[in-house]
Every structure is written in C-alpha cells, then in structure tokens.
Number of protein chains: 2
Amino acid sequence: MYYLFFQHLNSKVQLTEEEQAQIKTYLTFKKLRKKQYLLQEGDVCKVIAFVEKGALRAFSVDDNSNEHIIQFGLEGWTISDLYSFLTGEPATYNIEALEDSELVIISKSAHEELLQTMPKYETFTRLNITGAYLAMQRRLTSTNSSSVEERYQDFISLYPHIAQRVPQHMIASYLGLTPETLSRIRKRISSK
Amino acid sequence: MYYLFFQHLNSKVQLTEEEQAQIKTYLTFKKLRKKQYLLQEGDVCKVIAFVEKGALRAFSVDDNSNEHIIQFGLEGWTISDLYSFLTGEPATYNIEALEDSELVIISKSAHEELLQTMPKYETFTRLNITGAYLAMQRRLTSTNSSSVEERYQDFISLYPHIAQRVPQHMIASYLGLTPETLSRIRKRISSK
DNA sequence: AAAAAGCATTGATTTGGATCAAGGTTCTTT
DNA sequence: AAAGAACCTTGATCCAAATCAATGCTTTTT
C-alpha cells in the first residue's frame, strides 16, 4: 500500500527496515474518487500528499473564474499547497483528483516530528523541494523565453505520460493558454 | 565581513560560537565590481553566493538575444545557477553584478561537506530552498493569473527596495515585458 | 568638457493570442 | 439506450503587448 512511497524514499536516502517501520507509523492512506477534492481554496492545507496511484491537479481560480493549473501530481509526485501547509494561511489553490487516486498522507504534525527526529527524512524533504524548485525554474524560464509552440513541444517531451492522461484543455491551462489556442498550435505542428 | 551571512544563518538555526567558527573555515569572500560576472552561461557553476552587500542579477539570453531576468540578488539573498551547481552541467544563466558587491562564497565541496557533517546547515539549506520555491510559485501564479498592471504593482509592493535600485528595463525583463510596455503601464498608473 | 553609452518616453504599426460563437465528437451518467 | 456533460475544433473579430523608430535625458567614460 505504501510501496511507491518507500521506493522513492529509499532511492534518495537508504533506510533500514526499522526506520521504514517507524516512518510508517506517521503515515495514513487515503483514497479519492475522480473529481473529489483534496483541498479547497480558502481552507487551510493540513497535509502533504504523495501520489501512489492516480492523478491530481492543483489549480487557482482568478477574478474572471478562469482556472490556472499550477501543478499536476501523478504517481511518485508530491502535491500540496505548501505555503498554506507551512504557514497555516488559507490555501490559494484547489487540489482535485483527475482519476480515482490513492495517496500517502503526511500530516503537519507528522512532518514536523519526522523532520526533528529523523535526519534522513529531512534530507528527503530537502531533495524533494530542490527538485520541485528546479522544475519550476525551468518552467518559468521557458514561459519567458520560448514561443508557445516550443513550450508545448517541451512539455510533451518532458512529460509524455501527463500528456496522455490529461485532457488537452488542462495542458493549455498549465501552459497559460486558452484551449482554442492550443488546438490551433497542435494543428500547425501536425501540418509540418 | 561575514556579518549578514551569520545573522541570516542564526535567524533560521541557532548556532554556537564554535559552530560558527567551524562553518567559517568553509567560506570564502569575494568582491565584484559593477558589471563583472560571477557566472557565464556555458560554464559550470561552481559556487553558491550569499550577497553581503550590493546587487546582482541572474539572467538567460534567448535565441533573439533578448535577456530574461530570472532572479535579482540583493543583500541577504542567495544567488546561483542551482541546476548547474548540483548537476555539473553547463550553466544556462549568467550572473552579473549590478553594483559593486561583496559575496560570501560556498564552494561545491564546502556545501557537500557541511550538509553531511552539520545537521543545522542542512536545515538552513532546506529552509532557504523552500523560501525560494514559494517565492517562485507565487511569481508563476501571478504571471498566469494577473494583468500586467497588477503584476507590476505587486512587484513594487513586494520588492520596493529592488525597484529603487535597479533600472526600469530590468524590472520589465523580470516581469516578462518590453521596456516600452512597462513605461506605458507606469504612465497609465500615474494618470489615475 | 566633450563624447559616448545607457536609459526612459512617446508615436505608429503589426501581430499573436484571447474572445465570442457554433458545430461535431466522445465520454458519463442515468 | 438515451440524455447530458465535457471536450476539441474551426471561423470571425478584437485587443494588448511587441516591434520599429525617433527624441531627449542621464550617467559614464575618456
């Protein structure tokens, strides 16, 4: 049930059986049906969720009620509103299951205790956030420097598995485009 | 000479005198004159730099030789091409001093040794990267969700000290605008 | 002190992507 | 199996920001 989570953890910081067992006592498991919400904007985000199975998206809604996807979470990824989680402020993002999903849940108290008592958990956390930072920096650079067409192509080659599982208009939203524009971009590409 | 660096470090993880002395042996100091480069695109980024004094910018150059500022680094901030630093790949960013600057330099070997031997340094690193991640997430959300005018206003109120010290066309670059557009935005705002 | 480089502004024009609108599929739900 | 959502595409029009171009103002350099 926690298979992928521990595989991930072990790939970054080698753990003994005892350490794994100890961490397990801090975790809970949660299933979400498609379209269910893990987090609603305005609520305080109480957990970090590791995706064992399924797919989720984190998105914000602007003044014109347009949705903007800030992150997808597929198997092996972690999803949360980290700012809300860390500060206790109301969340600015919604998190919704795009498929029936299974999540390993780390509560705030579990996270804090693990950080203080298990150096390897802190290392794991550091490596995770570093990876997330680098991914986002790459995304921001590409938003500012590349044409829309390049950005779509880059997305497809970087995340082919997402492109296959997620409706096209959500990829448009992730890239900061309207669905119409993405449709035309794809037409232009395929006619080459 | 390392005053601000240790002030920062201490504010996040309380250190003893001995610990500070120990860390100091890993650090070096570097001065940069205005317009000098700390890093050139294509070279491998060998250091993390903490800004004790002065101001720098990290920027990329796209195919049309337009510059895109990914980050400013003023007093108290850390600046680097983290991806290059961590992987050893050639840097995609340039880092240039915008004013005469003084930097606390952490080399890769120093960083790695400190991470392995000083838990508090790892905590410091984790907190730093978390802060950088959250700042960038906020920026990305605002890029996707807000009008150009709002984004400029947000920038000004979030980083008033940057706005005062940095030429306007660099703020435009940071916001992903041309200098002309920013000039017109400002005119529009001031005429309200 | 003069020359040059860098910077901000303003105007005219172009353009890439948004918006508005409608049609046809394909998936869900009942 | 039928009804209804959700989704993708295509067309017409509009608009915000980019581009091109020129001028004057500062700051740097010599």
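Below, each value reflects all heavy atoms present in this structure, side chains not excepted, and no hydrogens, waters or symmetry copies. All chains are named by letter (A, B, ...) in the order of the sequence lines, taking the proteins before the strands, and each is independently numbered beginning at 1.
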Problem set entry | Which nucleotide in dA18(D), dT19(C), dA21(D) has an atom nearest any side-chain atom of T178(A) | dT19(C)
Exercise. Atom CG of L98(A) and atom C1' of dC7(D): how far apart are they, to the nearest Å?
Worked result: 14 Å
For this session: Return the value, rounded to whole Å, for the distance between atom CE of M170(A) and atom C1' of dC27(C).
Result: 14 Å
Problem set entry | Comparing R184(B) and P167(B) on DNA chain C - which has the more 5′ nearest nucleotide | P167(B)
Exercise. Among side-chain atoms of E122(A) and T123(B), is any donor-acceptor pair under 3.5 angstrom?
Worked result: yes
Seminar exercise, completed: When rounded to whole Å, the CG to C1' distance for the pair N66(B) and dA17(D) reads 14 Å
Exercise. Closest nucleotide of DNA chain D for T181(B) versus for L182(A): which of these residues is on the 5' side?
Worked result: L182(A)
Exercise. K35(B) side chain: which of dG17(C), dG6(C), dC7(D) is closest?
Worked result: dG6(C)
For this session: Give the nucleotide from the list dA17(D), dC8(D), dA8(C) with an atom nearest to the side chain of H169(B).
Result: dA8(C)
Seminar exercise, completed: Rounded to whole Å, CD1 of I185(B) lies from P of dT10(C) at a distance of 13 Å
Exercise. How long is the line joining CD1 of I171(B) and C1' of dA8(C), in whole Å?
Worked result: 12 Å
Exercise. Does a side-chain N or O from K187(A) land closer than 4.0 Å to OP1 or OP2 of dT9(D), or not?
Worked result: no
Exercise. Ring pair (Phe, Tyr, Trp, His ring centres under 6.0 Å) with H111(A): which of F124(A), Y26(A), Y121(A)?
Worked result: Y121(A)
Exercise. Quick one: is dA6(D) close enough that its OP1 or OP2 comes under 4.0 Å of any side-chain N or O from Q168(A)?
Worked result: no
For this session: Starting from C1' on dA17(D), measure out to CZ on R151(B) and report it in whole angstrom.
Result: 11 Å
Exercise. Hey, are T141(B) and Y93(A) close enough side-chain-wise for a donor-acceptor pair under 3.5 Å?
Worked result: yes
For this session: Output yes when D100(A) and R33(A) qualify as a salt bridge under the 4.0 Å nitrogen-oxygen rule, no when they do not.
Result: yes
Problem set entry | Integer-rounded Å distance: dA21(C) P and E180(A) CD | 12 Å
Exercise. Can the positive tip of R57(B) be found less than 6.0 Å from the middle of the six-membered ring of Y174(B), inside 45° of the ring normal?
Worked result: no
Exercise. Between atom CD in E99(A) and atom P in dC27(C), what is the gap in whole Å?
Worked result: 14 Å
